[in-house]
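Okay, handing you the structure first.
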Amino acid sequence: MLHCGSYTLALDRPLVMGIVNLTPDSFSGDGLANDIERAVEHAWRQIEAGADILDLGAESSRPGAIPTAVDEELRRLLPVLDALAGCGVPLSVDTCKPEVMRASLAGGASMINDIRALTMPGALAAVAASDCAVCLMHMQGTPLTMQQQPSYGNVVAEVRRFLQARAEAAIAAGIRPERLVLDPGFGFGKTLAHNLELLRHCAQLSPAGMPILAGISRKSMLGMLTGQAVEQRLAASLSAALLAAQRGARILRVHDVAETVAALTVWHAVEGCAENAAELR
Ligand code: 7PJ
């Protein structure tokens, strides 16, 4: 079970988190900044397609990105949060800024998705003051520098240790374990070999069985493997989502909700029951 504001999400099957991108410079070409109506329409299409959670992001985290100002981030987020109030699925906000966390939670968000794992000063307290869920993601470096020279001794052990330490910091700050989701951060300070190793060992990344979120949809690791441009990566994204689910990921962060839901339906019918998932761990 994941405690997520006023929602409780069962984790007996992998959940689909639909990406609603409110930045102007998205790498995947789906940025909807400045067009609230289109963003809300896009969100509704994802809900109708079976999204279990929506992830609203207004800050660019693409490699080399310049940080977005708080005011600008909130100008993009708050109207969309407001328009989606009562939409029936929990709304997550992808941000690392405590001010944005507080305003988003006050504006109806049920989850905070932080690529910096609540390391900005004040972030732990901003989240602890609410009952939202929180995703703690691993990143080596910062978006500006992370792809320059990723380096690990043992990537699986190091990512696991980091996630454990951040989970402990969150719990010490008063965030109950039932609110936590952990994420290896595919593509954030990792080479293709690092990403593949993390995907192979997904289930081992989580201390104490906390749910793992995998975000691989359309990412450059898929481009490196297939030679395909970002708009052609649907098949590769579905394949990666299924492999992550099979290896224990419980939340899949994706652009293509309907297609991912269909792929997971087949997987679940064949072998995705809770007993099998437990055996994989
Ligand atoms: C991730 C994310 C991810 C989590 C982005 C993109 C780049 N949050 N935000 N995990 N990626 N938790 O959408 O591909 O992998 S932004």
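Residues: numbered from 1 along the sequence shown. In each ligand, atom 1 is the first atom listed, and ligand 1 is the first ligand listed.
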For Gly215, take its heavy atoms, then give the atoms of ligand 1 lying under 4.0 Å from any of them.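 Reading through ligand 1 atom by atom, the close ones are 15 (O).
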
Do His255 and ligand 1 have an N or O pair less than 3.5 Å apart?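 Such a contact does not occur with ligand 1.
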
Under 4.0 Å from a heavy atom of Asp183: give me the atoms of ligand 1 that qualify, with their elements.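 Numbered from 1, ligand 1 contributes 3 (C), 4 (C), 10 (N), 12 (N), 15 (O).
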
Ionic contact status for Glu59 with Lys97, cut-off 4.0 Å: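 Between Glu59 and Lys97 there is a salt bridge, with a charged N closer than 4.0 Å to a carboxylate O.
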
Which of the numbered atoms in ligand 1 are below 4.0 angstrom from a heavy atom of Met137?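 Atoms satisfying the 4.0 Å criterion: 3 (C), 4 (C), 10 (N).
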
For ligand 1, is any non-hydrogen atom under 4.0 Å from Lys219's backbone (N, CA, C, O), its side chain (CB onward), both, or neither?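 The answer is the side chain.
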
In plain terms, say whether Asp55 and Arg253 are close enough for a salt bridge, that is, a side-chain N and a carboxylate O under 4.0 Å apart.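 Salt bridge: yes.
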
Pairwise salt bridge (Lys or Arg N to Asp or Glu O under 4.0 Å) hits with a residue in residues 144-170, at least two apart: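 Matches after skipping sequence neighbours: none remain.
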
Check this for me - ligand 1, Ser217, N or O atoms closer than 3.5 angstrom, yes or no?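 There is no such contact.
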
Please could you name the atoms of ligand 1 that Cys135 approaches to less than 4.0 Å, counting only its heavy atoms?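 Close to Cys135: 12 (N).
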
Below 4.5 Å, heavy atoms only, C-beta onward: do Leu243 and Ile216 meet side chain to side chain?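 In short, these two side chains do not touch, never coming nearer than 4.5 Å.
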
Is there a donor-acceptor pair closer than 3.5 Å between any side-chain N or O of His42 and the backbone N or O of Ala39?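 Between the backbone of Ala39 and the side chain of His42 there is no qualifying donor-acceptor contact (under 3.5 Å).
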
Could you note down all residue pairs passing salt bridge (Lys or Arg N to Asp or Glu O under 4.0 Å) where residues 98-117 supplies at least one of them, sequence neighbours left out?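 The answer is none; no pair qualifies.
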
Between Asn113 and ligand 1, does any nitrogen or oxygen pair lie at a separation below 3.5 Å?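 Yes, there is a polar N/O contact under 3.5 Å.
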
Heavy-atom contacts under 4.0 Å between Asp94 and ligand 1: side chain, backbone, both, or neither?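 The side chain, only.
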
